[in-house]
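The block underneath contains the structure these notes are about, expressed in structure tokens.
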Protein chains: 2
Amino acid sequence: MSRREIAKQETRRLILAAARELFTQRSMEESTIRDIARKAGVSPASVVVHFKSKTALLEEVLCEDIGRAVSELAASVPQNAGLLDRLMYVSKGFFSLYDQNRNLYRGFIRHTVFEPASETPLMSRITEQYLRFLSGIIEEEKTRGVVRPEVDSTIAAASVFSLYMGTLITFFREPEMTVETVADLLTCMTDYYLRGIIRSGQ
Amino acid sequence: MSRREIAKQETRRLILAAARELFTQRSMEESTIRDIARKAGVSPASVVVHFKSKTALLEEVLCEDIGRAVSELAASVPQNAGLLDRLMYVSKGFFSLYDQNRNLYRGFIRHTVFEPASETPLMSRITEQYLRFLSGIIEEEKTRGVVRPEVDSTIAAASVFSLYMGTLITFFREPEMTVETVADLLTCMTDYYLRGIIRSGQ
DNA sequence: TCTTTTTACTAAACCTGTTTAATTATTATA
DNA sequence: TATAATAATTAAACAGGTTTAGTAAAAAGA
């Protein structure tokens with residue numbers, strides 16, 4: 001690595017560290033690029049040169065945390081638990097994570113979820129990781145005979161994920177909602193999803 | 001109404017008309033407050049005085065359209081259709097509406113969905129209207145014996161709405177996705193939801 | 001080694017949403 | 001009617017994300 005490249009990486013590291021520190025203290029709006037730049041000892045322009053935008057910088061910081069959370073949670077799912085509990089396990093972990101800095105994660109998700117997937121590559125990767133995890137569980141339960149064999153696990157995973165997103169929206173929209181309340185709601189909704197709501201045989 | 005009040009309402013009307021015209025031509029970001037103010041013949045500050053923020057102004061404009069769409073769609077649901085088709089009917093109408101100006105609606109939903117409910121009263125009202133419509137259908141199908149009687153129609157409506165939101169996110173994230181594709185996906189997901197994915201009797 | 005090219009970085013400017021401090025016209029009051 | 005209070009409006013400023021034009025140092029080429 002050339003001397004230039006080394007300096008560049010060091011600058012990048014400084015910005016990331018400063019951003020992480022500020023973002024964990026304040027919300028997204030309260031942490032300005034100028035603040036981050038000052039803390040990192042670089043110019044505001046440098047921040048935008050290294051990370052395409054403020055959102056991209058936040059994505060870089062938070063996706064590291066979220067990605068680690070997904071991996072850890074997915075690895076620690078209680079294997080002897082039932083389908084519903086296993087599907088809920090990671091979602092509940094996410095709610096707890098977001099609850100640590102609700103405004104920050106709210107801002108982050110607001111700025112990424114509705115963007116074209118190509119604009120938020122890190123977020124996309126984590127979503128795919130989570131979807132694979134969910135469809136993996138469903139496939140597993142298919143071989144156990146719990147889930148009907150004709151069910152498309154990709155569609156089912158996307159559905160379970162949608163229910164999660166729906167409750168996440170409620171979580172962020174209703175400030176009085178706690179992690180427990182939202183987890184209970186999601187559990188109830190997912191339970192319905194698994195069992196269906198119409199009489200069987202219709 | 002005093003002379004002052006009349007003038008105030010007229011200014012408000014001018015701003016709304018200008019905003020509507022600009023918003024239907026360009027996206028949210030491309031329509032600046034200064035542009036709207038110039039077209040309306042008022043100062044930029046006036047726009048913010050009459051409407052709390054740019055988002056609130058957009059909410060005012062679009063919720064009129066969305067609200068009308070909900071009412072019209074809800075009133076024209078084919079009554080003899082099955083549960084699935086009736087649940088899908090309004091959602092499909094929304095997708096078509098959003099497809100008319102995808103970037104504008106994307107920006108709008110991005111700026112409102114994750115805000116506290118109190119900040120976006122018009123959006124909240126429409127969401128409640130839609131949820132009532134959905135739970136109404138489910139209650140109806142309960143009396144017909146199609147939906148199991150122990151099902152909580154509020155939870156079920158929230159679930160169907162979540163599936164809609166999930167596919168809407170996909171719709172906005174994947175630019176190549178068409179109204180037809182997303183409608184098919186949602187139909188499939190909702191069908192699973194109604195019938196459940198596990199073997200009955202578990 | 002000297003020159004040219006590349007590139008990390010930045011100061012200053014730009015754009016836009018929003019706020020503030022008047023200004024001016026209307027309404028209420030004496 | 002004259003004066004005081006009120007409120008609609010705005011010019012100007014502010015703040016923050018982003019862009020631009022330029023600088024200076026490193027790398028490449030002679």
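Residue numbers start from 1 in every chain, and the chains themselves are labelled A, B, ... in the order their sequence lines are given, proteins ahead of strands.
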For [X] and [N], give me the distance from atom [atom1] to atom [atom2], rounded to whole Å.
X	N	atom1	atom2	value
B:Phe51	D:dA8	CZ	C1'	14 Å
B:Asp35	C:dG17	CG	P	8 Å
A:Gln9	C:dA8	CD	C1'	12 Å
B:Leu22	C:dT16	CG	P	13 Å
B:Arg38	C:dC15	CZ	C1'	12 Å
B:Arg13	D:dT9	CZ	P	13 Å
B:Met28	C:dT16	CE	C1'	12 Å
A:Glu29	D:dG17	CD	C1'	13 Å

Original post:
Less than 6.0 Å separating the ring centroids of B:Tyr164 and B:Tyr130?
Top reply: yes
Original post:
Looking at B:Phe108 versus B:Tyr98, is the centre-to-centre ring distance below 6.0 Å?
Top reply: no
What nucleotide among [options] has an atom nearest to a side-chain atom of [X]?
X	options	result
B:Arg34	D:dA7, D:dG17, C:dG17	C:dG17
B:Val49	C:dA8, D:dT10, C:dA11	D:dT10
A:Ile33	D:dG16, C:dT10, D:dT18	D:dT18
B:Arg4	C:dA8, D:dA8, C:dG17	D:dA8
B:Ala45	D:dT10, C:dA25, C:dG17	D:dT10

**OP:** Specify the residue among A:Glu5 and B:Lys8 whose closest nucleotide of DNA chain D lies further upstream toward the 5′ end.
**Re:**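 So the residue in question is B:Lys8.
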Original post:
Touch check for B:Ser46, heavy atoms < 4.0 angstrom, all strands: base, sugar-phosphate only, or nothing?
Top reply: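 It contacts base atoms.
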Original post:
Base, sugar-phosphate, or nothing for A:Val42, non-hydrogen atoms under 4.0 angstrom?
Top reply: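 Here A:Val42 touches the backbone only, sparing every base.
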Check: [X] side chain, [Y] main-chain N or O, donor-acceptor pair, under 3.5 Å:
X	Y	result
B:Thr120	B:Met123	no
A:Arg173	B:Ser118	no
B:Lys52	B:Glu119	no

Check whether any side-chain nitrogen or oxygen of [X] sits under 4.0 Å from OP1 or OP2 of [N], and answer yes or no.
X	N	result
A:His50	C:dC9	yes
A:Arg3	D:dA26	yes
A:Thr11	C:dC9	yes

